[in-house]
Trainee: 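Before anything else, here's the structure in question.
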Protein chains: 2
Amino acid sequence: MNEGYMLWEKSKKLIPGGNMLISKRPNLFAPRYWPTYYKKAKGCFVWDLENKKYTDMSIMGIGTNILGYGNEYVDDQVLKAIKFGNMSTLNCPEEVELAEQLIKIHPWANMVKFARSGGEANSIAVRIARAFSGKDKVIFCGYHGWHDWYISASNKKGALTEHLFQDLTSKGVPTSLNGTSIPFKWNDLSDLKRIIIKNKEEIGAIKMEVTRNIKPSKEFLKGVRELCDYYKIVLIFDECTSGFRETFGGLHLKYGIDPDISIFGKALGNGYAISAVIGKEKVMNAAKDSFISSTFWTERIGNLAGLATLKEMKRINSWNLITNLGEEIQNKWKLTAKESGIDISVGVLPAISSFKFNSKNSLEYKTFLTREFLKRNYLASNLLFVSTEHLKIDLSEYFEILKNVFEKIAMRESGEIKEKLVPDNELCGETFRRLN
Amino acid sequence: MNEGYMLWEKSKKLIPGGNMLISKRPNLFAPRYWPTYYKKAKGCFVWDLENKKYTDMSIMGIGTNILGYGNEYVDDQVLKAIKFGNMSTLNCPEEVELAEQLIKIHPWANMVKFARSGGEANSIAVRIARAFSGKDKVIFCGYHGWHDWYISASNKKGALTEHLFQDLTSKGVPTSLNGTSIPFKWNDLSDLKRIIIKNKEEIGAIKMEVTRNIKPSKEFLKGVRELCDYYKIVLIFDECTSGFRETFGGLHLKYGIDPDISIFGKALGNGYAISAVIGKEKVMNAAKDSFISSTFWTERIGNLAGLATLKEMKRINSWNLITNLGEEIQNKWKLTAKESGIDISVGVLPAISSFKFNSKNSLEYKTFLTREFLKRNYLASNLLFVSTEHLKIDLSEYFEILKNVFEKIAMRESGEIKEKLVPDNELCGETFRRLN
């Protein structure tokens, strides 16, 4: 019985759900075996409560740490915030500088609001879009946080199945919001157009991720933009997850399609809490007609971390580095699967690489894989957020273990192994259906 | 033209409203004169962009820093988070420890959720209360953040006048939420009862601050509790501002009235971003039936700052220290006003002391006061969040300046001075109508 498991059992009695983020619950990896808690994290290594050192070949803070854990340059800047005071009655000038930097990267944008979580930034964007358009309905595709405006869609059974979790029902969201938030199908312009026409004159915003498990066709993004222009709908790209993975800034820069508002979180501060809403002046100015204000949005660490992260990412071209390495890894996953004789699908952004076992036993295999990797001191599942620190390590052992795992799975899949690979049947749960 | 003013003028073009928090906008203090931005903050001192050093006799980060800016013990713990990694794929064990500590302080509570801003924590509490009760309507009194559930009340003109700003209208909140959030009058049980009866079977939660500009009568808080018990309504105390000012924990501990949920923010991490929702197990467990999850709620700094702040506050009995000093200051304000011959009202929690000029020229006088204090290197207005660092400084100069200011105001009030004390008429705006 490891210490992490014991603390998790305790925590579940103190914290509903056991922790603050669903993606970091051990049941999504390998119940009872996943170390769950960390003492130390550095580079792409994590130490558990028993000081066992793991190589993190999994979610890397769920995508927060493109530059790895404890990046020295970013940390040095954060230390300045602490040394010179992270909070005061006055404002920190770095928030103006960070706003300027984000605008410089995204020339279509002129104004910025900051928050400290992705969910908050999503809510700010929706508030601004509704204030600007004077219309309450939002059409969305993808995952956009835990707030009422979005989760209200789950009041209709199955509405979030393709976007978040299968058959998610979430209690506690006012039923009066029913119908204000409407999902549309990825890469399906006619579905989107049908919804717009059906709700004409009532749609204030379209909110979407720029990629999902299938890449967007150029025509799709262009078509969405044109529909927004024609029907005077505010187009919001949620780049919390996709930003800085393949481009320096939003993934939309690659496709040359400008939204009216874009949202950043996760990687923006390399693990420190900072999120941003950027947008066109005429839309963003609607924020002045609304009450949007929070004490900790003035905290200094997020701004300094953001500035440092942008500078360091630009200096080393991190988006190219992690994309190239991600492509290599994806190719090796495919090759290893092919050689082992198992059927996997490999998903979509190289810097957020994932694979899935095309088998009815997929959860058994995923659990087995994670357990086998844990034995060899790796945190690994079928999802890898690539960081620049992964460039510094030798991946041959990882692939050697993967090969053994895949071969075992092949034998199980063919019936050569009769017993379940997870004999106790304590399988991991399904993960988010977001762009990974 | 000071540097801060120039940066503010620039910022307003880049950030709607100029910054992230209404309470830190220079127009609430002394437009054009207020330094607006800081380079450094330490103890109860703040340095502006031109390295001019001020003594902060005002909002102290709007109540975040009970232990002063850059408290060494808290900062040392935060440095550990940075040294050992502030983020990882795994969870930080300190969140479990902080949950335990908060429960220990509030024996009526069994479970905790953390967030990184007060607004978020308020939204989590409302979500949980609605999920538990299965009812959507919330009755509230006071200020509870920027989120839709609360600000929707402003769709009805004037509804937030007594709670936030006069005649606040906030665009961008769905009209379908109208009527889901209903204000009640402070210290007025019959008003509350009337609203409950009118909305019977539909009220899921009562959300309130434990004190406002008038202290609660014991009967009032007891009566609210009894109404909640009788009508099976979840009682939520928002202690974001009142917590740790007069008690070690929620102010409700002083009155011996237990809510079902309580919310903490601001002072909990002594300036570092951390907020908490604590509650009874049966209510809090409803969180499991809802989707409440955010990446940055797993960041380590907030938890370590929270643990360190609790420890240090307890060690020095900070709530007694700041209450005693606040009482002294309030008494001296009253005495100085009396001696000068002006009429002021002094408000309510000693640790969050405020006064108002009972005059039709109150904004002129407040602006004049702030400008005069700025000349003598003080950040001062009519609101002071007392910190333990204020115990270490000599306040005689502050009161000497105050006396001069009050005497000038008395002469202006009596007509002895004919000219306006703020000749350019660039007056400050009204501040929040919350518990200060």
Trainee: Check each atom of Asn86(A) against the heavy atoms of chain B and say whether the ones under 4.5 Å are side chain, backbone, both or neither.
Mentor: both
Trainee: I'd like to know if Asp75(B) and Lys83(A) make a salt bridge, using a cut-off of under 4.0 Å between side-chain N and carboxylate O.
Mentor: no
Trainee: What residue in Phe296(A), Trp34(A), Trp47(A), Phe84(A) has the most heavy-atom pairs under 4.5 Å with chain B?
Mentor: Phe296(A)
Trainee: Closer than 3.5 angstrom, by distance alone: can the side chain of Tyr37(A) be matched with the main-chain N or O of Glu94(B) as a donor-acceptor pair?
Mentor: no
Trainee: What are the two closest heavy atoms between Glu120(B) and Ser117(A), and how far apart are they?
Mentor: OE2-OG, 2.6 Å
Trainee: Any chance you could measure Ser170(A), atom OG, to Arg127(B), atom CZ, to the nearest 0.5 Å?
Mentor: 4.5 Å
Trainee: When only pairs under 4.5 Å are counted, which of Gly85(B), Pro174(B), Ala129(B) shares the most heavy-atom pairs with chain A?
Mentor: Pro174(B)
Trainee: Is it true that Glu100(A) and Lys10(B) make a salt bridge, defined as a side-chain N closer than 4.0 Å to a carboxylate O?
Mentor: yes
Trainee: With a 4.5 angstrom heavy-atom cut-off, could you sort out which part of Phe132(A) is near chain B: side chain, backbone, both or neither?
Mentor: neither
Trainee: Is the Tyr143(B) ring parallel, tilted or perpendicular to the Phe291(A) ring (thresholds 30°, 60°)?
Mentor: perpendicular
Trainee: Please report the interatomic distance CD(Glu97(B)) to CG(Leu14(A)), rounded to the nearest 0.5 Å.
Mentor: 11.5 Å
Trainee: Where does Val96(B) contact chain A at under 4.5 Å (heavy atoms): side chain, backbone, both or neither?
Mentor: both
Trainee: Heavy-atom distances under 4.5 Å only: say whether Phe114(A) touches chain B with side chain, backbone, both or neither.
Mentor: both
Trainee: Any side-chain donor paired with an acceptor under 3.5 Å for Thr175(A) and Asp136(B)?
Mentor: yes
Trainee: At a 4.5 Å cut-off on heavy atoms, which part of Ser294(A) comes close to chain B: side chain, backbone, both, or neither?
Mentor: both
Trainee: Test your reading of the model: is there a side-chain donor-acceptor pair from Lys24(A) to the backbone of Thr295(B), 3.5 Å cut-off?
Mentor: no
Trainee: Which of the residues Arg130(B), Met111(B), Lys40(B), Glu281(B) is involved in the greatest number of heavy-atom pairs with chain A at under 4.5 angstrom?
Mentor: Met111(B)
Trainee: Between Thr89(B) and Gly61(A) (side chain of the first, backbone of the second, donor and acceptor by atom type, cut-off under 3.5 Å), is there such a pair?
Mentor: yes
Trainee: Please answer whether the main-chain N or O of Leu21(B) pairs with a side-chain N or O of Thr298(A) as donor and acceptor at a distance below 3.5 Å.
Mentor: no
